[in-house]
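Only one structure is covered here, and it is reproduced in the block below.
Order of the sequence lines fixes the chain letters, A, B, ..., with proteins taken first and strands second; residue numbering starts at 1 for each chain. As the structure is a computational prediction, the values presented were derived from the model and not from experiment.
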Amino acid sequence: MISIERIRNNLEALKSSLALKGYNVDLNEIISIDSDYRASLSLVNDLRAERNKVTNQIAELKKSKQDANDKIVSMRALGSKIKDLESEISVKKERLDDLILNLPNVPHESVPPGSDESNNKVIYEWGVEKNQSFDIKNHLSLGSSLKLFDFERSAKLSGSGFPLYTGKGALLERSLINFMLEIQTQKNDYLEIIPPFLVNSNSVLTTGNLPKFSEDMYHSEIDDMWLIPTAEVPLTNIHYNEILNQSDLPKKYTAFSACFRREAGSYGKDTKGFQRLHQFNKVEIVQLVEPEESYKALESLTSHAEMVLKSLNLKYRKIELCAGDLSFSAAKCYDLEIWAPAEGKWLEVSSCSNFEDFQSRRGNIRYRKEVDNKVDFVHTLNGSGLATPRLLIALLETYQNANGTITVPEPLQDYTKLKIID
RNA sequence: GGAGGGGUGGCAGAGCCUGGCUGAUUGCACUGGUCUUGAAAACCAGCAACGUGUUAAAGCGUUCGGGGGUUCGAAUCCCUCCCCCUCCGCCA
């Protein structure tokens, strides 16, 4: 969340920054409620000081067995005045918090302008497309002839958008997850975590999924718990409401999790096969870092996600998102898009973002600086490393053979114990 | 699900019965200093967060799991919710 000081002191600059992101919000209402709120707060502050003073006098009088009745009576009146004011104040505070929690993060100055994805910048492409001498099949056709997954039957269980991996498809999926986790733990020094898949409301408020995007998530009403849309949520909240030592930073966590997304409003879009799902598997990487380090960390975190694609020798490109395409919480974001030869298009497999102090303010995640012992908010970052469904699409389509089998890429063979899927 | 115990500062752990100089005793950790060739030990001093205020501070206010209540006054009494632990039941 954006600090109220920043809203007070940089109103115009903030308005134009948020407009870049496509939010034309009325910050003036925030300013006026804030000053109103603070005026009331300062008033009640004085009244409470008065009450505390007299209350101590009453204690003294009682101690020396003197009569304190006058003071008690007058404090009774003051007390109810304070109570009235306090309830007024809490209404104002609630309104103020609500407005601020609905403000998106501000794009970093390096983010290119633009209102939608057409203004995103391709930083580079990596890898080359294989020149196949036969007619290549798409992943759905390969998957059904090799019996790797079964969408017809999973629809009976859960409806559309819930994959059912079978046989070597399940093996391949499990191998990919292990392969990716081991890259992040062994090569890139992340601590492996197995997080809860259901979290409380505070956790999804920290990451920015609440209050604005409740309809994107699955919710268990009776327990007021949310199915995680990504392991970002539990990983980022591990240090919720904590003060870390500077020497503990950076914190680097990785986790496999299933991810659950309602995808409300996106029916009819990419509905086929693996492109858009209600449940999918993902290895996530998260870092908590000192503010000064966060942009350097974004570059390295992105390279950690890219390492998976490079190891599998899959063609991809790195995209820098323009301001208008940034997610609610992000200050800057790179997308990694993988080339699916049969689909003939680029598919997003990773989103690597720096949230600066936007999430850490919401989750009160801080650290103590060594230089002056003062407390400050950490910066949080995360990236997919990677999401499996679209990775699987590209992998099947890229590594298919003329006879309809799939050659398992060499580094994955340690995990699948198979060279060919047939 | 049933019975009981507990949630206090970076950590550990008093205070709650018997409400009032307790924002909180004490220990550890941390910071500075004395001593030492250096280190350890010992000793001395400092050390919560947030809001407000200020050049900076002082000062003032809030916070003892969350919310509400009683009271002139609540860490302390009452209600309620959440979480943790032990035992019993059920179950992977």
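When heavy atoms are screened at a 4.0 angstrom cut-off, A:E60 is found touching base atoms of the nucleic acid. Using a 4.0 Å heavy-atom distance criterion, A:L41 is classed as a sugar-phosphate-only contact.
Tested against A:I2, the residues A:L14, A:D357, A:L101 include a single side-chain contact (heavy atoms from CB on, under 4.5 Å) partner, A:L14. Considering A:H239, A:E192, A:E284, A:Q287 in turn, A:H239 is the only one that fulfils the side-chain hydrogen bond (donor to acceptor under 3.5 Å, both in side chains) rule with A:Y253. The side-chain hydrogen bond (donor to acceptor under 3.5 Å, both in side chains) test with A:S40 singles out one residue from A:E88, A:K92, A:E86, and that residue is A:K92.
One can place CG of A:N364 at 14 Å from P of B:G9, the figure rounded to the nearest angstrom. Between the NZ atom of A:K53 and the C1' atom of B:G61 there is a distance of 15 Å, rounded to whole Å. Rounded to an integer number of Å, the gap from CG of A:D34 to C1' of B:U52 is 12 Å. If you take CD of A:E5 and P of B:G51, they are 6 Å apart, rounded to a whole angstrom. Counting to the nearest Å, the P atom of B:G68 and the CD atom of A:E94 are 10 Å from each other. Between A:L47 atom CG and B:G61 atom C1' the separation is 11 Å, expressed in whole Å. Atom pair A:N245:CG and B:C11:P shows a separation of 10 Å (rounding to whole Å applied). Rounding to whole angstrom units, CG of residue A:N241 and P of B:C64 are separated by 13 Å.
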Sub-3.5 Å pairs of nitrogen or oxygen atoms, protein against nucleotides 55-60 of chain B:
unit_1, atom_1, unit_2, atom_2, d
B:C60, O2', A:N45, OD1, 3.4

Restricting to nitrogen or oxygen on both sides, can you table the protein-nucleotides 70-77 of chain B pairs closer than 3.5 Å?
unit_1, atom_1, unit_2, atom_2, d
B:U70, OP2, A:K83, NZ, 2.9
B:C72, OP1, A:R76, NE, 3.0
B:C72, OP1, A:R76, NH2, 2.7
B:C72, O4', A:I72, O, 3.4

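Atom NZ of A:K419 has 12 or fewer neighbouring heavy atoms from other residues, nucleotides or ligands inside a 6.0 Å radius. Summarising the local packing, CG of A:L157 is surrounded by more than 12 heavy atoms from other residues, nucleotides or ligands at distances under 6.0 Å. Residue A:E5 qualifies as enclosed at atom CD: its count of foreign heavy atoms under 6.0 Å is above 12. More than 12 non-hydrogen atoms from other residues, nucleotides or ligands lie less than 6.0 angstrom from NZ of A:K15. Dense packing is recorded around CD of A:Q246, with more than 12 heavy atoms of other residues, nucleotides or ligands lying under 6.0 Å away. Residue-environment remark: CD (A:E94) stays at or below the threshold of 12 foreign heavy atoms within 6.0 Å.
Between B:G5 and B:C64, the distance separating the two P atoms is 23 Å to the nearest Å. With C1' as the reference atom, B:U8 and B:C16 are 11 Å apart, rounded to whole Å. Comparing the C1' positions of B:A12 and B:A29 gives an interatomic distance of 10 Å, to the nearest angstrom. Rounded to whole Å, the separation between the C1' atoms of B:A3 and B:G65 comes to 23 Å. Nucleotides B:U76 and B:G68 are separated by 14 Å at their P atoms, to the nearest Å. Spacing between B:C11 and B:A49 at atom C1', rounded to whole Å, works out to 16 Å. Taking atom P in both B:G33 and B:G38, the straight-line distance is 13 Å, to the nearest Å. Remark: the separation of the P atoms in B:C91 and B:A14 is 38 Å, to the nearest Å.
Ring geometry for A:H139 against A:F149 counts as tilted: the plane angle lies between 30° and 60°, on a 0 to 90° scale. Relative orientation of the A:F162 and A:Y218 rings is tilted, given thresholds of 30° and 60° on the angle between their planes.
A:S351 and A:D335 are linked by a side-chain donor-acceptor pair at a separation below 3.5 angstrom, with hydrogens and angles left out of the test.
Phosphate contact (OP1/OP2 of B:C47, side-chain N/O of A:R368, threshold under 4.0 Å): absent.
Between the A:K21 side chain and the A:S327 main chain, a donor and an acceptor come within less than 3.5 Å of each other.
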Toss me the dot-bracket line for RNA chain B: Watson-Crick and G-U wobble, both under 3.5 Å, 5' to 3', using | for pairs to another strand and [ ] for crossers. ((((((((.[[[..)....(.....]]].(((((.......))))).(((((......))))).[[[[[..)....]]]]])))))))....
